[in-house]
Amino acid sequence: MIYLDHAATSPPHREVLEAVWPYLTQVTGNPSSAHEAGRAAKAGLDAARGAIAEVLGARPGEVVLTSGGTEADNLAITGIATANPRGRHVVVSAIEHPAVLETANALRGNGFAVDVVGVDADGLLDLAALDAVLRPDTTLVSVMHANNEIGTVQPLAEVSARCRALGVPFHTDAVQAAGHLDLDVTRLGVDALSVSAHKFGGLRGAGFLWVRGAVPLTPLLHGGGQERGRRSGTTDVASAVGTAVALHLAATTRAVEVPRLTALRDRLVEGVLATVPGARLTGHRTRRLPGHASFCFAGVGGETVLQELEAAGIVCSSGSACAAGSDDASHVLLATGLDPDLARTAVRFTLGTGSGGSDVDAVLAALPAAVATARGGGVR
Ligand code: PLP
């Protein structure tokens with residue numbers, strides 16, 4: 001099987017599994033316990049938190065370990081917006097993951113005003129529209145670092161400058177960016193950042209929210225006061241260790257991996273556009289995630305193309321794992337102005353550490369026939 005769905009989830013790295021194993025078999029105390037077993041677990045947890053903070057250029061105490069990206073996004077949006085005394089107004093982009101959009105919707109149900117800022121045809125945030133909705137009572141702006149469906153990387157510096165000027169906290173969902181892009185929170189100019197470990201070779205069900213020390217945060221989970229009272233519940237030390245190792249690996253291999261994946265992606269994009277009639281790239285041509293290539297193919301059922309590719313041994317997705325199987329056109333593609341019928345034909349290939357040139361060759365060999373068959377003009 002050729003696995004080209006790394007944006008949905010990426011297999012854990014061997015180094016992660018090796019680092020995690022002792023914390024599942026030997027160092028098994030509760031990190032809050034005062035005895036030796038607890039102290040050993042706490043030492044592992046402290047080291048992991050420190051390693052995560054180092055990659056972010058942040059303080060270890062600012063890292064709140066969570067069950068993944070969804071929880072980190074929920075905690076950021078609800079936790080920061082409701083703790084901020086400035087008012088009850090939140091701004092999000094139209095192409096956020098449901099973990100952000102639905103949380104903003106829930107706030108709306110609780111009396112918050114929510115403005116949703118649109119994007120252009122490439123998926124880049126409309127900065128003039130952002131300027132138009134920011135208000136003195138805005139409590140939070142949330143704009144993702146890179147989009148899961150179309151790969152577009154957002155102009156975070158421009159958003160940050162606007163938020164800074166008004167003193168509004170700025171959160172970014174960096175779930176797809178982590179593992180590929182720089183996560184230094186000072187350079188990014190953000191106040192909160194969500195990460196999910198399983199997108200870059202860590203474990204599923206693990207992640208964290210980084211929140212700048214001075215930003216007040218209302219907890220979602222109440223209980224024993226772990227994570228400095230910001231996320232109660234016994235901390236999963238093994239997952240934290242895995243996240244730290246995966247993040248460190250990504251940071252140290254990025255200089256080699258990013259150009260390698262970018263070259264593979266570009267060959268895939270150019271090959272598909274040249275060989276598949278009516279193929280259209282979604283997202284920005286260059287300002288996109290290194291291993292991310294997403295298309296629409298007019299006149300096909302996106303799911304049919306996926307089935308044809310799977311029969312050829314290639315697995316990819318229709319845009320987002322969360323929306324897979326749904327007949328609704330993606331809110332992301334609609335926000336870029338695509339016609340709903342065309343948006344329903346989306347196919348996404350996402351490369352990862354294990355992907356190579358032969359995987360791109362395989363797609364380029366199989367896709368023209370898969371699309372032709374899905375259009376009813378070919379035979380399998
Ligand atoms: N945000 C983005 C951009 C994502 O792509 C995802 C996962 O697909 C999430 C949040 C949710 O992360 P998790 O699966 O860890 O809950």
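For ligands, and for the atoms within them, numbers begin at 1 and follow the listed sequence. Bear in mind that the values here come from a model prediction, so they are computed numbers and not experimental data. Hydrogens, waters and symmetry mates play no part in the numbers below; they use all other heavy atoms, side chains included. The residues of the chain are indexed from 1 along the displayed sequence.
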>> Could you work out, with side chain to side chain contact (heavy atoms under 4.5 Å, CB included) as the rule, every residue matching Thr275, not counting sequence neighbours?
In response: Pro368
>> Taking 4.0 Å as the limit for heavy-atom contacts, which would you say applies to Asp73 with ligand 1: side chain only, backbone only, both, or neither?
In response: side chain
>> Applying a heavy-atom cut-off of 4.0 Å, say which part of Lys199 lies close to ligand 1: side chain, backbone, both or neither.
In response: side chain
> If you count the non-hydrogen atoms of other residues, nucleotides and ligands that lie under 6.0 Å from CD in Glu54, is the total more than 12?
Replying inline: no
>> Between ligand 1 and Arg204, can you find any atom pair, the residue atom being a heavy atom, that is separated by under 4.0 Å?
In response: no
Can I get a per-line list of side-chain donor-acceptor pairs under 3.5 Å for residues 241-251, giving both atom names and the distance, sequence neighbours left out?
residue : atom : partner : partner atom : Å
Thr243  : OG1  : Ser239  : O            : 2.9

> Going by the order shown, which atoms of ligand 1 are within less than 4.0 Å of some heavy atom of Met144?
Replying inline: 3 (C)
>> Tell me the closest heavy-atom pair linking Ala329 and Pro340, and the distance in Å.
In response: CB-O, 3.8 Å
> What distance separates Leu334 CG from Ile95 CD1, expressed to the nearest 0.5 Å?
Replying inline: 12.5 Å
> For ligand 1, which atoms, with element, lie under 4.0 Å from some heavy atom of Asp173?
Replying inline: 1 (N), 2 (C), 3 (C), 10 (C)
> Are Thr103 and Asn74 linked by a side-chain donor-acceptor pair shorter than 3.5 Å?
Replying inline: yes
> Does any N/O atom on Ser67 come nearer than 3.5 Å to any N/O atom on ligand 1?
Replying inline: no
> Just going by heavy-atom distances, which of Gln176, His97, His198 is nearest to atom 14 (O) of ligand 1?
Replying inline: His198
> Short list, please: which atoms of ligand 1 are under 4.0 Å from a heavy atom of Asn148?
Replying inline: 3 (C), 5 (O)
>> Checking contacts here: is it the side chain or the backbone of Val175 that comes within 4.0 Å of ligand 1, counting heavy atoms only? Could be both or neither.
In response: side chain
>> Taking Asp122 first and then Arg287, would you say they form a salt bridge - that is, a charged N and a carboxylate O separated by under 4.0 Å?
In response: no
>> Is it the case that over 12 heavy atoms from other parts of the model lie below 6.0 angstrom from the CD atom of Glu310?
In response: no
> Which of the numbered atoms in ligand 1 are below 4.0 angstrom from a heavy atom of Thr70?
Replying inline: 11 (C), 12 (O), 13 (P), 16 (O)
>> List ligand 1 atoms under 4.0 Å from Gly68, heavy atoms only on the residue side.
In response: 15 (O)
